[in-house]
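Every heavy atom of this structure was used, including side-chain atoms; hydrogens, water molecules and symmetry mates were not.
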Amino acid sequence: MEFRGVMGGLYKISEWIMRLSVINLLWMLCSIPVFFFAFMGLVSQSPDGLKAMLPIIAILAPFTLFPATTAMFAVARKWVTGEEDVPLLKTFFRGYKENYVQSMVGGIFFVIIFVIISVNYFFYLKQGSSLKVLAVLFIAFTVIMIIALFNFFSIMVHLHMKIFQILKNSVLISIGNPINSIVLLLCNGAIFYICITKFNFFLVVFFMGSIMATFSFWQFNRSFTKLQIKQQELEEKEQQRLAEAEEGEDSNEDGAEDKDSVVNLHKKDEKDRE
């Protein structure tokens, strides 16, 4: 039964609310260790409670948070590409299983990178005024790696690549498309800020991750589609150029007189230009 008008709109909205909330809950359930220690750090009475939990979170994230996030992106990919009625549980856990190893390896890579950036940032921040400038450089590296992290999940669920290629392309896409990268960062930052500060518990538990994943893949897919169209146009132009070259060679072989006239015309044009 299909609803129309206002009822149809309300039904569609409620359907999307259900989809987003289910996937977000699955994402959090599969990442329970990470969210548990993050919560313990936030509610700790010690001012450095969250800081003390960060090493544990960093160790657990590649084995829980990263595979769960990849699975969430796998469902978001289906939605963005037009398959809105896919079975949520089946699609989520299939994405979790199929991409677990690559997610884990990628998670270890990103955790190591973020640890290196953090150590260097705090080291140079404590130095003299001349070296403090380098701390700003590491902030820029952090921004690039955060954007690359979103692209990493999108590439993994959309393309068949080896893990090294996924990591390399996620960084290259982030640097090579600055406008899209800035939009991706600002919009996801706004979603994160609203969920954390305004309606913290409700939105974080039911919507934050799934909305960010859906928007991130939508942004990636839009850029990727444009890139494919450009590549296809270049290939068509190259094929057309080769076809014209072959036709030119055939006509040259058929008549030497035609060749001489063409050459003479080109020479005449060159003399006129001079």
Side-chain angles (χ1 to χ4, degrees), residues 8-32 34-36 38-39 42 57 61 64-96 99 103 106-107 110 114 142-158 170 173-174 177 179-225:
L10 292 174
Y11 177 77
K12 198 75 175 176
I13 292 171
S14 63
E15 195 174 28
W16 273 108
I17 290 173
M18 182 272 295
R19 289 171 182 164
L20 292 168
S21 59
V22 168
I23 294 304
N24 204 84
L25 285 169
L26 287 173
W27 172 60
M28 294 198 71
L29 286 172
C30 292
S31 309
I32 280 180
V34 171
F35 286 106
F36 172 76
F39 179 75
L42 289 171
I57 294 172
T64 56
L65 181 62
F66 276 79
T69 306
T70 303
M72 183 170 58
F73 268 76
V75 180
R77 174 185 176 271
K78 294 289 187 180
W79 293 339
V80 173
T81 54
E83 300 179 52
E84 299 178 357
D85 296 324
V86 292
L88 299 179
L89 292 174
K90 183 179 178 181
T91 306
F92 182 90
F93 285 108
R94 183 172 59 192
Y96 188 95
N99 300 297
S103 301
F110 277 102
F114 283 123
T142 303
V143 170
I144 293 172
M145 294 311 298
I146 291 173
I147 298 168
L149 183 59
F150 288 111
N151 288 323
F152 167 78
F153 292 119
S154 297
I155 294 172
M156 186 182 300
V157 300
H158 195 56
S170 64
I173 290 174
S174 303
N177 297 284
I179 295 176
N180 290 329
S181 297
I182 291 170
V183 171
L184 179 66
L185 182 68
L186 291 178
C187 291
N188 278 329
I191 295 169
F192 180 80
Y193 176 79
I194 292 170
C195 292
I196 294 295
T197 60
K198 302 300 180 183
F199 310 96
N200 46 25
F201 179 78
F202 178 78
L203 288 182
V204 170
V205 172
F206 291 100
F207 297 106
M208 186 184 76
S210 55
I211 291 175
M212 291 175 71
T214 304
F215 173 78
S216 298
F217 187 82
W218 176 82
Q219 182 75 2
F220 167 82
N221 188 59
R222 191 168 66 93
S223 302
F224 184 74
T225 302

Write down the atom of [X], the atom of [Y], and the distance for their closest heavy-atom approach.
X: I191; Y: M208; result: CG2-O, 4.4 Å
X: N99; Y: G95; result: ND2-O, 3.0 Å
X: F92; Y: C30; result: CE2-SG, 3.7 Å
X: A68; Y: S31; result: CB-OG, 3.3 Å
X: T214; Y: S210; result: OG1-O, 2.8 Å
X: N24; Y: V204; result: ND2-O, 2.9 Å

Only one of F217, F73, F215, W16 passes ring pair (Phe, Tyr, Trp, His ring centres under 6.0 Å) with W79, and that residue is W16
Residues pairing under side-chain hydrogen bond (donor to acceptor under 3.5 Å, both in side chains) where one sits in residues 182-194, two or more places apart or in two chains, turn out to be N188-S216
Does the side chain of [Y] come within less than 4.5 Å of [X]'s, by heavy atoms?
X: M212; Y: M72; value: no
X: L184; Y: N151; value: yes
X: V157; Y: F153; value: no
X: F206; Y: L20; value: no

TODO: If the plane angle is over 60° it's perpendicular, under 30° parallel, otherwise tilted; pick one for F224 and F220.
DONE: parallel
How long is the straight-line distance from [atom2] of [Y] back to [atom1] of [X], given to the nearest 0.5 Å?
X: I173; Y: S154; atom1: CD1; atom2: OG; value: 9.0 Å
X: L149; Y: F66; atom1: CG; atom2: CZ; value: 5.0 Å
X: S21; Y: L26; atom1: OG; atom2: CG; value: 9.5 Å
X: N177; Y: I147; atom1: CG; atom2: CD1; value: 10.5 Å
X: L186; Y: S181; atom1: CG; atom2: OG; value: 10.5 Å
X: T197; Y: F192; atom1: OG1; atom2: CZ; value: 9.5 Å

- Message: I'd like to know whether D85 forms a salt bridge (Lys or Arg N to Asp or Glu O under 4.0 Å) with R19, so could you lay out the CA-CA distance, the side-chain angles of the two residues, the decisive distance to 0.1 Å, and finally the verdict.
- Response: CA-CA 9 Å; D85 296 324; R19 289 171 182 164; 2.8 Å; yes
Where the side chain of T91 meets the backbone of L88, is there a donor-acceptor pair that is under 3.5 Å apart? no
For F110, the ring pair (Phe, Tyr, Trp, His ring centres under 6.0 Å) test, sequence neighbours excluded, returns F152
**OP:** Kindly check if the number of other-residue, nucleotide or ligand heavy atoms within 6.0 Å of CD1 (I179) is above 12?
**Re:** no
Which of V34, I57, I32 passes side-chain contact (heavy atoms from CB on, under 4.5 Å) with T64? Answer is V34
Inset, instruction - Verify side-chain hydrogen bond (donor to acceptor under 3.5 Å, both in side chains) between S223 and N180, making sure each step is shown before the conclusion. - result: CA-CA 8 Å; S223 302; N180 290 329; 2.8 Å; yes
